[in-house]
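Structure first, commentary second.
Counting begins at 1 with the first residue of the sequence. Owing to the predicted nature of the structure, the values given are computational and were not obtained by experimental measurement.
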Amino acid sequence: MVKVANDPSRTEGDLPAVGRPGEPEPEVSGISLRLIAGLAATAHGSVRAGSGRLDVTVDGTAPLRPALRDAAAGAHLGHRLVLADAASLAETGEPGDTREPAAPSGHGDSRMADVVRLLQTSGAAGLVVSGLDDAEAAELVAAAGPVALPVIEIPLDRIAAFTTEVLSAILDHQTATLRRLEDADRALVQIVLAGGSLDDLCEQVVGFLDGAAMVTTTDGRVIARAGSARELAHAEGLDCFDRTGRLLTEAEPTGPRPDGPNANRAAVRIVAGHLDHGLLVAFCSQRRLTTDDVRLLERAATVAALAITKDSAVSAVESKYRAEFLRDALAGRAGTPVDAVAHASSLGWDIDRPLVVVVAETDEDDDRSTRDAEEVRFLQQRFARAWTHAVAVRDAASPVMGFSREVVALIGVPEGSDTDQVMRIVGEYVRVVRGDGGGGRRSFSAGVSRPIGSVADLPQAYDEALSAVTVGRQMHGDGALTHVDGLGIYRLLALIPDGTDLRRFVHESLRELATDDSPEYAGLRQTLGILIDTNMNVAETARLLFFHYNTLRYRIGKLEKILGPFTTDPDLRLTLALALKIHQMRGI
């Protein structure tokens with residue numbers, strides 16, 4: 001009968017080093033100690049191990065004396081069973097002694113404890129012993145207990161058959177695993193050779209692992225998936241996805257995972273050369289994913305990198321023609337509206353409908369960036385891909401293209417849409433591209449044009465969107481989403497190319513109120529702005545500012561002493577109103 005000892009006083013930190021992060025993993029995993037415990041049962045043996053230790057994998061065996069020599073030299077014994085009999089245990093001197101075996105020292109208990117401790121420290125999967133009498137077996141179990149080293153005791157007349165069975169089981173398992181990996185290699189490579197998509201690759205991964213599989217970009221946008229509806233729903237409901245459906249790549253580890261609540265999913269990187277293309281992630285609601293499953297995922301990730309590289313090369317050629325056409329259309333050089341619509345249709349775009357032009361720019365100034373040119377180009381390409389994916393999922397016929405400084409998208413809107421409707425539609429695209437942050441995403445601002453009904457109006461709409469993104473960032477800061485109709489007077493102010501003239505105008509008009517040299521200046525500017533907005537209605541201004549009427553009168557007197565009689569001079573009020581608007585524009 002197999003006896004499994006559980007010591008409730010042990011903690012996870014007391015367990016041997018096998019399976020700890022950072023250990024070297026074998027090329028192919030072995031069988032679990034739990035299976036070996038079953039083989040021990042058939043050999044009328046016994047197993048002394050904490051229940052948490054039975055899931056350790058074993059991929060080989062080693063005699064005691066060589067194992068001790070290796071351990072003393074700092075070698076790692078992880079995933080190996082150490083074999084010992086009464087004679088070899090009696091011959092061991094002090095652990096680490098590489099001389100010929102010494103005679104028993106007479107301090108058996110101490111010697112046994114030192115041997116067990118050295119095996120545990122080096123990460124041995126367990127110790128198999130045979131030929132011990134009851135006293136020696138009790139001494140060994142007592143020594144192994146405090147360090148939680150699994151001990152398997154096999155009758156002497158059955159040790160040879162047991163060892164053969166263990167090695168045969170390991171060999172059979174590793175052979176089957178290698179065959180499975182080779183089958184996966186052939187199937188996955190065939191997908192690429194046949195021109196299959198990433199969705200096809202995910203489908204093949206699901207065939208080997210069950211569950212669900214997804215390919216994401218580096219910042220977590222899912223670009224391919226496969227699996228049953230139930231498995232996909234289970235995966236998408238996990239806490240590794242944010243509310244927009246983005247995988248939280250910044251918090252998702254790659255490679256094998258220890259047992260726990262996250263052991264039913266695994267992620268590996270898709271890398272081609274120095275380029276990181278994203279993650280391949282597998283999910284399984286029914287079981288934990290093993291180290292061998294992760295190795296299969298790594299093979300699939302290599303194939304995914306080939307597919308992405310191939311698609312990128314094809315896409316680069318196609319994008320060149322698409323970009324040239326869209327740039328010509330935005331500049332009014334795409335020919336007649338009929339010709340432009342026909343050309344766009346041949347590219348898979350529908351521009352013969354109500355559209356708005358959206359221009360999106362990253363808020364980081366790449367001209368002054370500390371990043372090298374290659375990294376800047378890669379980040380801009382990733383930003384463009386994020387918009388391309390977001391638009392393609394919702395409206396595949398809408399043109400979207402990344403240029404060197406911006407991304408331009410022509411978004412379809414319902415006939416007769418007002419500004420609020422347009423901003424709700426565009427806002428949804430922006431929300432998807434922006435996600436919940438993280439994953440290496442860069443802040444960006446976007447500008448939106450008025451709706452147009454003809455391709456001939458594209459140049460004007462493009463100019464409107466450019467003005468909206470530039471001025472919107474000045475008005476509201478980074479991350480602004482601005483419609484051209486929301487610019488008002490700011491749109492005219494933005495036409496003045498020299499910011500020095502605007503700053504001089506502000507300082508000459510507002511005088512010391514143009515600065516923040518005194519804490520009260522910001523409050524005085526706010527009071528002045530509300531007075532002008534309410535057409536000098538003192539009572540309404542006092543109500544909006546929660547001031548007493550006399551307090552506001554005192555402030556008005558102070559403002560007139562600094563700025564002049566603006567309450568009675570409409571031209572001065574206009575000047576001050578413009579100066580306040582310019583002061584609100586960032587970067588001026």
Side-chain angles (χ1 to χ4, degrees), residues 322-337 339-341 343-344 349-363 365-367 380 383-384 387 391 398-413 416-423 425-427 429-430 433 444-499 501-502 578 581-582 584-588:
R322 287 169 171 251
E324 288 176 353
F325 166 73
L326 187 57
R327 194 181 294 280
D328 286 344
L330 296 174
R333 300 191 302 264
T336 66
D339 291 339
V341 168
H343 193 165
W349 292 338
D350 178 12
I351 58 175
D352 189 20
R353 54 177 172 155
L355 300 166
V356 293
V357 176
V358 179
V359 173
E361 297 177 350
T362 56
D363 294 318
D365 187 349
D366 290 335
D367 289 333
Q380 181 64 18
F383 179 53
W387 270 97
V391 173
S398 286
V400 56
M401 191 57 58
F403 299 116
S404 60
R405 302 281 179 169
E406 66 203 17
V407 174
V408 179
L410 276 55
I411 305 296
V413 296
S417 297
D418 59 20
T419 300
D420 289 340
Q421 288 177 292
V422 168
M423 293 305 283
I425 294 171
V426 177
Y429 287 97
V430 169
V433 176
F444 67 91
S445 298
V448 186
S449 74
R450 296 185 181 94
I452 59 172
S454 170
V455 176
D457 297 326
L458 273 177
Q460 178 183 342
Y462 178 53
D463 287 341
E464 291 175 352
L466 279 175
S467 297
V469 69
T470 302
V471 181
R473 186 186 291 115
Q474 291 179 319
M475 291 166 56
H476 307 299
D478 292 348
L481 172 60
T482 311
H483 192 279
V484 66
D485 287 340
L487 299 182
I489 192 65
Y490 293 106
R491 190 178 177 193
L492 291 176
L493 295 174
L495 296 177
I496 301 175
D498 190 354
D501 288 338
L502 292 176
L578 284 174
K581 296 291 187 186
I582 298 170
Q584 292 172 14
M585 294 176 67
R586 297 164 190 254
I588 297 300

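Summarising the geometry of S417 relative to P451, their closest heavy-atom pair is O-CG, 4.0 Å, with the distance given to 0.1 Å. Residues M401 and R322 share a closest heavy-atom pair of CE-CB, 3.3 Å. For S449 against A461, the heavy-atom pair with the smallest separation is CB-O, 3.1 Å. Considering every non-hydrogen atom in both L481 and G427, the closest pair reads CD2-CA, 3.9 Å. Contact detail for A331 and P459: the closest heavy-atom pair is C-CG, 4.0 Å. Closest approach of S445 and G477 over heavy atoms only: OG-O, 4.1 Å.
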Let's go through V357 and E464 carefully: what are the C-alpha distance in whole Å and the side-chain angles of both, what is the deciding distance for side chain to side chain contact (heavy atoms under 4.5 Å, CB included) to 0.1 Å, and is it a yes or a no?
CA-CA 8 Å; V357 176; E464 291 175 352; over 6 Å; no

Evaluate the side chain to side chain contact (heavy atoms under 4.5 Å, CB included) criterion for residues R327 and V408: first the C-alpha distance (whole Å), next the side-chain angles of each, then the deciding distance (0.1 Å), finally the verdict.
CA-CA 9 Å; R327 194 181 294 280; V408 179; over 6 Å; no

Just do the side-chain hydrogen bond (donor to acceptor under 3.5 Å, both in side chains) check on D457 and S454 with the steps written out, would you?
CA-CA 6 Å; D457 297 326; S454 170; 4.8 Å; no

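Within the 4.5 Å cutoff, side-chain heavy atoms of L466 are placed close to those of E361. For the pair I425/V422, no side-chain contact is recorded, criterion being any heavy-atom separation below 4.5 Å from C-beta on. D352 places a side-chain heavy atom less than 4.5 Å from the side chain of D350. At least one side-chain heavy atom of R353 sits under 4.5 Å from a side-chain heavy atom of S398. Side-chain contact between L410 and L326 is present, with at least one heavy-atom pair separated by less than 4.5 Å. Between Y429 and V358, every side-chain heavy-atom pair lies at or beyond the 4.5 Å cut-off. Contact check for Q421 versus V413: no side-chain heavy atoms found under the 4.5 Å cut-off. A heavy-atom distance below 4.5 Å is found between the side chains of P399 and I351.
At least one donor-acceptor pair closer than 3.5 Å links the side chain of D363 to the backbone N or O of G479.
Separation of atoms NE2 (H483) and CG (D420) is listed at 9.5 Å; rounding is to 0.5 Å. Remark: H476 NE2 to T482 OG1 distance equals 4.5 Å, nearest 0.5 Å. Residue R405 holds its CZ atom at 9.0 Å from CD of Q380, rounded to the nearest 0.5 Å.
In this structure, F444 and W387 have perpendicular ring planes: the angle between them is above 60°, well past the 30° mark.
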